[in-house]
Amino acid sequence: MDKSVGKLGFGMMRLPRKGEGIDIEETKRMVDAFMVSRFNYFDTAFAYPGSEEAIKEALVDRYPRKSYYLATKCALWSGCHSSDDAKRELDISLERTGAGYFDFYLLHAMNGKNASQFEEYGLWDYFLKKKEEGVIKHLGFSFHDTPEVLDDILSRHDEAEFVQLQINWADWENPKVQSRGCYEVARKHGKKIIVMEPVKGGLLSDPHPDVRKVFSDGDPNASPSSWAIRFASSLDGVLTVLSGMSTMDQLSDNIKTMYNFKGLSKAEKETIEKAREVFSSLPSVPCTRCDYCAKVCPKDIGISGSFAALNTVLQYNNKERAGMQYKTLVTEKGRKSPMLCVKCGKCEEACPQHIEIRKNLDKAVEILGL
């Protein structure tokens, strides 16, 4: 795989906004700054609204095709109801971007539930054929599941040249995300790795004050985001680290961090480990979102979603993001507010983690302002 891929990748799913759409002129300025700094990997997807069209205007129409690497993805979950729909996504992406071919093409958000559907639709064979035709240069997939599932998929599909994984210092030992375990499986299979969510959707750019102090003590001139980006970039086998950038300030900070990239020193690795220890010690609800509680709740309360939002405040001090999570995981899923809890205790009897659910739902009401 080409070693000239820049270590920092431009994730184009959070582009600057203007009114109801993407700010194309600001996007052009950001693309120019990125290219001038000798970075060249751009990541989009069929399912990112307006992103592929923005790529065409800001990048493809303005730069020689061989001066950059472009990645996009095929999503089964984005209005796809058949094998033909899935295969058509590649043609639509080619039309939207005008790129002629994709340097990296990914089966989007692979997991244990949809892996068989990608196979049933014949997508591996179809995209390998497109690779032979030159429409795709490198074929891989992005992944959200356990190391065991990843091992099974890679054992059956050695044709995957790379895997895109969620890796960041906060999720490295997280039992729900299992960043380290997935990374080790991909390396065992000899696959190159593209990192997504190195700053955990922006949460690690403004961490809890106790965590921020650890990083500040380690290097007062380095931003929390730079620590997160460098952690992921320092891992063996990482081809590029994607950052979904929305502002020129974010772009500038990332370019400053990665322009003359150096891996983490021993002392810096110790700082990361200390930050992880402090982060792990922060109060949180140890909910695994198994939702056994939801099956017995007489009021259909969004228990796990409420706890996810609560933890975002407790661990990241980010009430705005918590509000968005609550809306997505509770309100939009038709679940009810914790305010309606009748304290029956059935949820606690069903919880394998033995969480004091009633007490923590009260805390969620108070802290989230429900």
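By convention here, the first residue in the shown sequence is residue 1.
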### Task
Examine the side chains of H189 and D151 and answer whether a donor and an acceptor come within less than 3.5 Å of each other.
yes
### Side-chain donor-acceptor pair present, Q250, S225, cut-off under 3.5 Å
no
#### Entry: Test item: side-chain donor near acceptor, Y48 and R14, under 3.5 Å
no
### Donor-acceptor pair between Y326 and T312 side chains, under 3.5 angstrom
no
## Note on the structure
Given the options M35, R29, K28, V31 meets side-chain contact (heavy atoms from CB on, under 4.5 Å) only with M35
### Message
Can you see whether T44 engages E52 through a side-chain donor-acceptor pair at a distance of less than 3.5 angstrom?
### Response
no
### Task
Under the ring pair (Phe, Tyr, Trp, His ring centres under 6.0 Å) rule, what do Y41 and Y68 come out as? Steps first, then yes or no, please.
CA-CA 6 Å; Y41 188 99; Y68 58 86; over 10 Å; no
### Query
Applying the side-chain contact (heavy atoms from CB on, under 4.5 Å) test to I55, which of T27, V60, D43 qualifies?
V60
### Task
Evaluate whether atom NZ of K176 has more than 12 neighbouring non-hydrogen atoms of other residues, nucleotides or ligands under 6.0 angstrom away.
yes
### Message
Can you confirm whether more than 12 heavy atoms, excluding those of E133, are under 6.0 Å from its CD atom?
### Response
yes
### Task
Using distance alone, with no hydrogens and no angle criterion, decide if Q117 and Y121 have a side-chain donor and acceptor under 3.5 Å apart.
yes
### ring-ring contact (aromatic ring centres under 6.0 Å, His included) partner of W169, chosen from W227, F279, F231
F279
Which pairs of donor and acceptor atoms, one on a side chain in residues 346-354, lie under 3.5 Å apart (sequence neighbours left out)?
residue: E348; atom: OE1; partner: R358; partner atom: NH2; Å: 3.0
residue: E348; atom: OE2; partner: I357; partner atom: N; Å: 3.2
residue: E348; atom: OE2; partner: R358; partner atom: N; Å: 2.9
residue: E348; atom: OE2; partner: R358; partner atom: NE; Å: 3.0

### Message
Any non-hydrogen side-chain atom of Y69 less than 4.5 Å from a side-chain atom of F42?
### Response
no
### Message
Ignoring hydrogens and geometry beyond distance, is a side-chain donor-acceptor pair present between N254 and S243 at under 3.5 Å?
### Response
yes
Using atom types as modelled, flag every donor-acceptor pair under 3.5 Å from a side chain in residues 283-298 to any protein atom, sequence neighbours excluded.
residue: D291; atom: OD1; partner: S304; partner atom: OG; Å: 2.7

